[in-house]
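Working notes for the structure below.
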Amino acid sequence: MLHPRARTMLLLALPALTIGTASSLVLLLLLKVADVLQKLLWQNLPPRMGFSPDSPLWVVLMLTLTGIAVGLVIRYSAGHGGPDPATEPLIGAPVNVSALPGIVAALIIGLAGGVSLGPEHPIMVLNIALAVALGGKILPRVAPLDWTILASAGTIGALFGTPVAAALIFSQTLNASNDVPLWDKLFAPLMAAAAGALTTSVFFRPHFALPIAHYPQLQMIDILSGAVVCAIAIALGMVAVWCMPRLHQLMQRIKSPVLALGIGGFVLGLLGVAGGNITLFKGLDEIQQMVLSQDFTAQDYLLFAVVKLAALVVAAACGFRGGRIFPAVFVAVALGLMLHEHVEAVPAAITISCAILGLVLVVTRDAWLSLFMAAAVVPDTSLLPLLCIVMLPAWLLLAGKPVMIAARKK
């Protein structure tokens, strides 16, 4: 009764659901382990040693030791802790399974130690490698590329708690042909993403949405304001794009990863002292703290944005294992709050969402993901027309500009 196309999609449904669920469970497990270790290092241990968790000495000491520990993992683990995220896109080729223990150790230590990177890239590498290795043994007829697509879709769904982001991303990569409609190709990845998102929501709900005042109605002047905010965010992000590969090249001259990451951790500690503990870690929980607090001024928000962006550049350039999307969102939110404080006539919903749109676009160069992150953090449907219009000049500004990826070591 089913068309051959439908039978093909149905055969992929079970592997897609399995991979999506497993991708989420792997993510949740590693985040839980990192959270437990973070509480030990930043809440339980400092008082026992006579320190305050936010004392400058403890911050510098912890980040320096974190850098050394990650450096030791990269130096002595098989596969050297996996690919360097500074030289890789979010979705890459599968790595050898032997490199996975090093990737896991480097990720957990970095997240718990306060490094300003998110979990997205190492988790993506880990889930793709597991899916390709295990899936290839169970269903050898399925190509490694198909397992890669399912694992990456499931991971994206798990990371953001919704399959929408995966659908948007893969809609531009899985080009439809005359024989195979786009939705046929999207069927299995969307199933994987939905399974990953559903599994994540059972145990944990990613809280991207911020308690921002509702945007009442679209005004023509708001389009201009949003475009200006987006341009400011792009300009700030392009400074990081210029700095990161150059700093990465400089750090590559240090042959020992232990020394390079130890130096990087020390610099991150100094930046943490300058910006406070709110500028440490991946940035997701810290965004909520920053928005809910009533104690910060425009100068504080500017300091947070500059320090966090500098920490992102240093962490990525020195070789820490982590992603750049979550800390970029923190920088954008801080920038948006600062611009709103300076010009209160422009609603915070516009300054924050347009800053996210511009900065995530600089970091990822993915228009769909940028729109999704802006809409997820400021979930107001009345903003969508404005964001779509603002995206056009933003994309024109970035056309042909360098991306935030460093050259691979020769």
Exercise for review: Starting from the C-alpha separation in whole Å, work towards a yes-or-no answer on side chain to side chain contact (heavy atoms under 4.5 Å, CB included) for F372 and D366.
Suggested key: CA-CA 10 Å; F372 169 79; D366 190 309; over 6 Å; no
Study note, to complete from the structure: Of all heavy-atom pairs linking L335 and A355, the shortest is CD2-CB, 4.4 Å
Review point. For F266, does the CZ atom have more than 12 heavy-atom neighbours from other residues, nucleotides or ligands under 6.0 Å away?
Key: no
Review point. Around K401, counting heavy atoms of other residues, nucleotides and ligands shown, do more than 12 lie under 6.0 Å from its NZ?
Key: yes
Exercise for review: Starting from the C-alpha separation in whole Å, work towards a yes-or-no answer on side chain to side chain contact (heavy atoms under 4.5 Å, CB included) for H342 and L339.
Suggested key: CA-CA 5 Å; H342 271 296; L339 293 173; 5.6 Å; no
Review point. Between C230 and G358, what is the shortest heavy-atom contact and its length?
Key: SG-CA, 3.6 Å
Exercise for review: Could you check E88 against V125 for side chain to side chain contact (heavy atoms under 4.5 Å, CB included), going step by step and ending with a plain yes or no?
Suggested key: CA-CA 10 Å; E88 298 285 332; V125 172; over 6 Å; no
Practice item. Given side chain to side chain contact (heavy atoms under 4.5 Å, CB included), test M124 with L90 step by step and report yes or no. Key: CA-CA 7 Å; M124 188 70 72; L90 178 61; 4.1 Å; yes
Check your understanding: Strictly by modelled atom types, are S225 and D222 linked by a side-chain donor-acceptor pair under 3.5 Å?
Key -> no
Review point. Looking at side-chain heavy atoms only, is the closest gap between P163 and L198 below 4.5 Å?
Key: no
Check your understanding: What is the ring orientation for F330 with F304, classed by angle as parallel under 30°, tilted 30 to 60°, or perpendicular over 60°?
Key -> tilted
Check your understanding: Could you state the interatomic distance from CG (L126) to OG1 (T155), rounded to the nearest 0.5 Å?
Key -> 8.5 Å
**Study point:** Heavy atoms of other groups near Q289 CD, more than 12 under 6.0 Å
**Key:** yes
**Study point:** Validation row: L100, V97 side chains within 4.5 angstrom (heavy atoms)
**Key:** yes
Revision key, fill the gap. In terms of heavy-atom contacts, T148 and G92 come closest through CG2-O, 4.0 Å
